[in-house]
Amino acid sequence: MRYTQYLLPTLKENPADAEVISHQLMMRAGMIRKVAAGIYNYMPFGLRSIRKMEQIVREEMDRAGAIECLMPMANPAELWQESGRWEKYGKELLRFKDRKETEFCMGPTHEEVITDIVRNTVKSYRQLPLNLYQIQTKFRDEIRPRFGLMRGREFIMKDAYSFDTDDAGADKAYDRMYQAYRRIFQRCGLKFRAVEADSGAIGGSFSHEFMVLAESGEDAIVSCDACEYAANVEKAELIYRNQLTPVATAELQKVDTPAQKSIEEVAAFLKLKPSQLVKTLIIQTSADEVLAVLLRGDRELNEIKLANLLGVDWALMAEDAVVQKTTGAPTGFAGPIGLNIRVIADREVRGMADFVIGGNAVDVHYTGASLGRDFEVGQFADIRQAVGGDPCPRCDCGKLESWRGIEVGHVFKLGTKYSEAMNATVLDDSGKARTLVMGCYGIGIGRTVAAAIEQNHDENGIIWPLALAPYQVLVSMVNPKDDAVREAAEQLYRQLGELGIEVLLDDRDERPGIKFKDADLIGLPLRLTVGARNLKEGKVELTQRASGEMSLLELGEAATRVRQLVAEALDAD
RNA sequence: CGGAGCGUAGCGCAGUCUGGUAGCGCACCUGGUUUGGGACCAGGGUGUCGGAGGUUCGAAUCCUCUCGCUCCGACCA
């Protein structure tokens with residue numbers, strides 16, 4: 001492609017509304033343009049990356065035995081009513097009516113439609129197992145779209161759905177997808193972790209998230225430094241081996257803590273560490289219960305673990321008014337003594353004694369408190385957030401390290417949630433109807449490209465992994481008005497094209513500075529610079545974007561050298 | 001949806017408090033000089049000041065309503 005005939009609108013300055021690096025760089029490199037909140041045009045240069053990502057996904061899905069299909073964006077309400085999600089999904093589901101007033105939604109995911117396909121076309125266990133996938137534009141009317149392609153409302157996703165007659169088959173399908181996902185993200189050249197995850201609203205029995213490691217990631221994950229264990233902190237289990245029951249040595253004592261509300265304030269005021277306090281959180285649940293939760297002072301509650309433990313949809317910190325009513329004190333002074341609601345303590349608290357708790361009165365705390373003697377706890381459970389340094393729940397020697405990650409893929413074992421609701425069954429070998437066991441597997445295409453940039457950039461621009469680069473090499477003619485330079489660059493462009501290399505020729509009549517800045521910004525892995533100075537010696541310059549490494553090549557050898565480098569990089573995957 | 005903020009040229013912004021002919025930088029167009037890391041000279045075009053209503057002799061500026069966008073929180077590929 002010739003730059004002068006292309007549309008590659010680069011920007012010198014960052015758009016004001018772009019917060020994260022990948023969004024800024026995708027805008028500046030002319031990959032995307034915003035149409036509305038969370039809705040983007042894929043400009044030619046950006047689309048090439050998207051297509052490459054799709055192709056990698058397609059190849060690996062096919063290799064894993066999945067079959068491509070394409071389902072509609074517009075879904076009839078009927079199917080969603082059948083699964084019960086028409087009511088449950090909430091405002092994120094964009095609903096509309098056709099001219100006959102029939103209700104539809106834009107598909108945010110396609111479990112209903114795929115289940116409808118399979119129940120209508122698959123009747124016998126002999127047609128199974130089956131794994132169908134599509135690469136499709138989804139729409140989720142997010143409350144707060146942000147970060148460009150990282151969290152759009154309209155976005156391209158690969159979603160696959162597996163169907164089996166039994167659990168064992170479903171587990172195999174899950175494992176195949178898990179392995180395929182590993183290959184996909186490896187081929188993209190990304191640093192990632194597959195982590196155990198909470199299966200969330202989509203439901204199902206277990207799931208893994210694929211996280212691209214990046215500082216700007218929205219998710220916190222932990223992984224063991226000794227074994228394979230890795231999990232989203234929302235899910236990460238904590239373990240207390242050989243936990244000792246400590247002996248109380250201190251007397252319970254009421255102390256004045258004037259206006260000392262937060263854990264940090266109270267700890268500083270009493271000249272103690274936050275870990276010597278026990279905090280009491282008043283929690284409200286979707287089942288309309290108010291209860292108290294005890295955690296070591298420096299720990300965070302994991303609301304998802306708590307909600308799962310209680311079997312409720314959500315469990316959140318209660319509003320101030322509820323706290324006041326329940327404890328008789330404003331927030332900041334809650335304590336377990338004298339509360340007449342259910343008390344659940346984090347298991348870590350069982351190993352504590354002589355700690356500080358709130359006094360359930362303004363400006364009052366207790367020191368020297370201990371379990372059993374001063375108050376009773378109804379239940380001990382794992383309800384806190386894991387942090388770096390916690391022991392690994394799987395192996396004996398490991399410690400957890402913490403990371404930030406961008407969720408680019410998610411595999412779920414769904415079980416029979418949808419097949420049961422929508423009556424998707426096949427006849428087994430004894431002629432009995434069996435409910436299908438399903439799995440679903442998503443990859444955010446645009447998000448993965450954004451994550452790749454998030455992980456591969458410097459202050460000058462993008463540093464494309466070869467597998468996702470819109471073009472593999474840039475041929476830059478320093479001065480197109482110099483006939484020798486122009487001819488040499490044209491010759492390279494032709495040769496590279498003939499060798500099957502994806503090449504962009506910068507034939508613009510611009511100053512070298514502009515061309516080099518743009519080259520760094522758009523970040524193609526290789527750059528051949530053709531300038532009068534080196535050409536006099538019959539040489540051109542090859543620059544590797546990632547390392548900055550420069551070398552001079554004979555004009556005649558440059559094309560084959562580039563092909564060799566491209567082939568090596570792609571083979572390495 | 002709760003809280004905060006912003007809408008002025010293609011992009012980045014000033015001007016709004018204190019009403020009086022709509023500005024700056026970059027980009028863009030023409031001519032010339034320049035050509036290995038975002039050049040220089042000369043000339044040029046560019047706006048329903050987000051929209052509607054109101055106050056006023058006069059509104060980008062004050063008032064009311066509205067729409068859009070961004071940021072912080074809970075949800076997700």
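Chain A is the first sequence line, chain B the second, and so forth, proteins listed ahead of strands; every chain is numbered from 1.
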With a 3.5 Å limit on both atom pairs, tell me what A9(B) is paired to, counting Watson-Crick and G-U wobble, or say none.
none
Which residue lies toward the 5' end of RNA chain B, G152(A) or N534(A), if each is placed at its nearest nucleotide?
N534(A)
Under 4.5 Å between any side-chain heavy atoms of M106(A) and T137(A), yes or no?
no
Atom-to-atom span, CZ of F139(A) to C1' of C76(B) - whole angstrom:
14 Å
Of the listed nucleotides (A27(B), G37(B), C76(B)), which one gets closest to any side-chain atom of K12(A)?
A27(B)
With sugar-phosphate meaning primed atoms plus P, OP1 and OP2, does T529(A) contact a base, only sugar-phosphate, or nothing at under 4.0 Å between heavy atoms?
base
Does any donor-acceptor pair link the side chain of E541(A) with the base of G36(B) at a separation under 3.5 Å?
yes
From the set G12(B), C69(B), C76(B), return the single nucleotide nearest to any side-chain atom of R151(A).
C76(B)
How about CD on E265(A), more than 12 heavy atoms from neighbouring residues, nucleotides or ligands closer than 6.0 Å, or not?
yes
Hey, does D518(A) reach any base, or is it just sugar-phosphate, or nothing, if we go heavy atoms under 4.0 Å?
base
To the nearest Å, give me how far apart CG (D509(A)) and P (G36(B)) are.
13 Å
Got a donor-acceptor pair under 3.5 Å from the side chain of R144(A) to the base of C75(B)?
no
Let's test your reading of the model: under 3.5 Å, does the base of C69(B) pair with the side chain of R146(A) as donor and acceptor?
no
Considering non-hydrogen atoms only, spot the tightest contact between N302(A) and Q385(A) and give its length.
ND2-OE1, 3.3 Å
Can you identify which nucleotide, out of C75(B), U70(B), G38(B), has its nearest atom closest to the E142(A) side chain?
C75(B)
Nearest-angstrom distance from the residue atom CG of N14(A) to P of G25(B):
22 Å
For atom CE of M61(A) and atom P of A77(B), their distance in whole Å
15 Å
pi-stack flag for F155(A) and A77(B), centroid dist under 5.5 Å, interplanar under 30°:
yes
Scan every strand shown for a Watson-Crick or G-U wobble partner of C1(B), both distances under 3.5 Å, and answer none if you come up empty.
G73(B)
Along RNA chain B (nearest heavy atom to each residue), the more 5'-positioned of R447(A) and T543(A):
T543(A)
Test: R48(A) cationic atom under 6.0 Å from Y471(A) six-membered ring centre, within 45° of axis:
yes
Among L316(A), L301(A), V290(A), which one satisfies side-chain contact (heavy atoms from CB on, under 4.5 Å) with I283(A)?
L301(A)
Any idea which of G36(B), C11(B), G38(B) is nearest the E13(A) side chain?
C11(B)
Nucleotide nearest A37(A) (side chain, heavy atoms from C-beta), chosen from U70(B), G36(B), A77(B)
U70(B)
Ion pair present between E112(A) and R85(A), side-chain N to carboxylate O less than 4.0 angstrom?
yes
Determine the minimum heavy-atom distance between A287(A) and V312(A), stating which atoms define it.
CB-CG1, 3.8 Å
Please determine, for C62(B), whether a Watson-Crick or G-U wobble partner exists with both distances under 3.5 Å, and give it or none.
G54(B)
Report which part of the nucleic acid K481(A) touches: base, sugar-phosphate, or nothing (heavy-atom distance under 4.0 Å, all strands).
base
Check: C76(B) base within 3.5 Å donor-acceptor of R153(A) side chain
no
When both hydrogen-bonding distances must be under 3.5 Å and the geometry is Watson-Crick or G-U wobble, what is G45(B) paired with, if anything?
none
For G38(B), the nucleotide meeting Watson-Crick or G-U wobble distances (both under 3.5 Å) is none
Just to be sure I understand the rule, does G442(A) reach a base, reach only the sugar-phosphate, or reach nothing, if contact means heavy atoms closer than 4.0 Å?
nothing
Per atom distances to the E19(A) side chain, the nearest of C75(B), C71(B), G37(B) is C71(B)
Using only heavy-atom distances, decide whether a donor-acceptor pair under 3.5 angstrom links the side-chain of D520(A) to the base of G37(B).
yes
Base paired to C17(B) (Watson-Crick or G-U; both N/O distances under 3.5 angstrom)
none
Whole Å only: how far is the CZ atom of R486(A) from the C1' atom of U35(B)?
15 Å
Side chain of R511(A): nearest nucleotide among A39(B), G37(B), G12(B)?
A39(B)
Strictly below 4.0 Å: does K515(A) bring a side-chain N or O up to OP1 or OP2 of U35(B)?
no
Between the side-chain atoms of R527(A) and the base atoms of G36(B), is any donor-acceptor pair under 3.5 Å?
no
